[in-house]
There are 2 protein chains.
Amino acid sequence: MKSACAQQVQSLSSGKEPLPEPCAACAARVLSVCDAIDDCDLDRLAAITSVQDIARHQIFVTEGDPADHLFNVTDGTVKVYKLLPDGRQQITGFLLAGDFLGLSFLERYGCSAEAVTRVRCCRFPRKQFAALLTDFPGIERRLLGIASNELAAAQDQMVLLGRKTARERVSTFLLMLSRRAARSGGTTDPVILPMTRTDIADYLGLTVETVSRTFTQLKKGGFIELREAGIVHLSNLSALEDLSQGF
Amino acid sequence: MKSACAQQVQSLSSGKEPLPEPCAACAARVLSVCDAIDDCDLDRLAAITSVQDIARHQIFVTEGDPADHLFNVTDGTVKVYKLLPDGRQQITGFLLAGDFLGLSFLERYGCSAEAVTRVRCCRFPRKQFAALLTDFPGIERRLLGIASNELAAAQDQMVLLGRKTARERVSTFLLMLSRRAARSGGTTDPVILPMTRTDIADYLGLTVETVSRTFTQLKKGGFIELREAGIVHLSNLSALEDLSQGF
DNA sequence: CGCCATTTTGACTCTAGTCAACTGCCGTGG
DNA sequence: CCACGGCAGTTGACTAGAGTCAAAATGGCG
């Protein structure tokens, strides 16, 4: 994947615009679209990148607004959601480090995005990013792969929302978080829930009360242990997997 | 989009393998991925294409099987679905003429696909199709666009499944069919439902009974008229749109 | 320490699901 | 030609799972 080239990436990117975390050293890179660019060309990407810190609860993308930027989350958790006119909310996904936001290459954003925790991300102007695609076809390939995965995840979520019971939904959710933490090298057993019960409910198509009751039920059933706020220990992985599939 | 080139497309494609409908004349082409290839290069596509007729109720893609082929529906209706171990079914989408199947470029199919009506489609071996991508980067661009649209549709469906009432779901469904018929130049007012109530239920996350009751309710409310089997007239478009959004 | 947001719990309601019966339609075969 | 069987659709009666409303408990933070 890496070609032989002199790497003054550090100096190059700092010469242009002092990036707090140069792309070459970015922990999220291997997970994300940036990995499609060789080390020696990373300055091209760095040139159009601006690092953005987003405070908790800040809404930084609004459904229907012109889609001027794409984002790559490098730290924190983002919720992506849609609203119905009367305020009902459906969270379509949570983004963690390495996740890409703005795949829908349409004129306007299809969803809103809000920082669940403090978030750091790389922001690319859409036009300039699109221009990079011609020079680095690998990015396009990579985007297609990301889109594939998102589509598969969306289909799983449709099964969950359309056909699973509350207990199955919550189990599935906990397992998903556990697997994603494993993927990005995080702790897999005590699962960390950065989001509120309300957010979980809005993701699972339930109410806060039902989510809370289901957590209690899973706790009493010996499937999980609720530690400090936002920390869940999965006591019985395989039993939970059975639950999540309706066995 | 078209470049100047001699077009013996007819003879070329028939010289290779007699396609019943040469790509150049395919009605579904403008809607689909094939449009990314110029007329004069269509033989490259035709060479790896085989036209396939599929009987009603035939399952021609099975979740978990090696993803050997990609498909482009040129006629008929396909349901794409996932199953839970106990048989619960969630239909993730219906494919009409022009729709592409097999976007998830993973090793195995993520969903099963069954012909709802008699279906005609073009089938491409995945490996050979992938090889075309390097020669025709336009295809990749096009696929990314298709993936974008599918993702947006999936997100809308998540809102429907997670947050809408039965009445809102059915209204949304009817409007979607109407819009899609309009897109592909079909009749937009008397909407045609090629699928059964059970299929509609499995798409909307409801039961047959609820779907049936909701149709009756919409009929009594003067929103729709149920004609012969599978034909619905939308009597009051704007009222239906309000319904579908929860107003 | 005390406030406020979040979470949990309880009591009750209601939407959609379940089970069952009935209708209508179509194709098959006597 | 019509009787039969089977499937799709509709309707009814009842149930259950999740939602609603309200209040108490918990916990983080100034």
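Each chain gets a letter, A, B and so on, in the order its sequence line appears, and its residues count up from 1. Keep in mind that what you see is a predicted model, and the values were worked out from it rather than measured.
Inspection of the Ser112(A) and Thr62(A) side chains reveals no N or O donor paired with an N or O acceptor under 3.5 Å. Residues Thr172(B) and Lys164(B) bring a donor and an acceptor atom of their side chains to less than 3.5 Å of each other.
In this structure, Asp99(B) and Phe71(B) have side chains that are not in contact, with every pair of non-hydrogen atoms separated by 4.5 Å or more.
Residue-to-nucleotide proximity on DNA chain C shows that, of Thr216(A) and His57(A), the 5′-proximal contact is made by His57(A). Mapping Thr198(B) and Arg169(A) onto DNA chain D by nearest heavy atom places Thr198(B) closer to the 5' end of the strand.
With rounding to whole Å, Phe215(A) atom CZ is found 13 Å from dT9(C) atom P. In this structure, CD1 of Ile224(B) is placed 13 Å from P of dG9(D), rounded to the nearest angstrom. With rounding to whole Å, Ile231(A) atom CD1 is found 14 Å from dG27(D) atom P. dT7(C) atom C1' lies 19 Å from atom CZ of Arg227(A), rounded to whole Å. If you measure from atom CG of Leu161(A) to atom P of dA18(D), you get 13 Å, rounded to the nearest angstrom. In this structure, the NZ atom of Lys164(A) is 14 Å from the P atom of dA18(D), given to the nearest Å. Rounded to an integer number of Å, the gap from CZ of Arg167(A) to P of dG17(D) is 11 Å. Protein atom CD1 of Ile200(B) is 7 Å distant from nucleotide atom P of dG9(D), rounded to whole Å.
Among the heavy atoms of the strands lying under 4.0 Å from Glu209(B) is at least one base atom, whether or not backbone atoms are also near. Among the heavy atoms of the strands, none lies under 4.0 Å from Gly230(B). Using a 4.0 Å heavy-atom cutoff across all strands shown, Thr196(B) reaches sugar-phosphate atoms only and no base atom.
Panel note: side chain Thr214(A), backbone Val170(A); no donor-acceptor pair is recorded below 3.5 Å.
Closest to the side chain of Leu206(A), from the set dG28(D), dG9(D), dA18(D), is dA18(D). Nearest to the side chain of Arg197(B), among dT10(D), dA16(C), dT8(C), sits dT10(D). Across dT18(C), dT8(C), dT10(D), the shortest atom-to-atom separation from the side chain of Leu226(A) is found for dT8(C).
The base of dG10(C) sits with one of its N or O atoms less than 3.5 Å from a complementary donor or acceptor on the side chain of Arg213(A).
Phosphate contact (OP1/OP2 of dA18(D), side-chain N/O of Thr210(A), threshold under 4.0 Å): absent.
Residue Gln217(A) holds its CD atom at 4.5 Å from CZ of Arg167(A), rounded to the nearest 0.5 Å.
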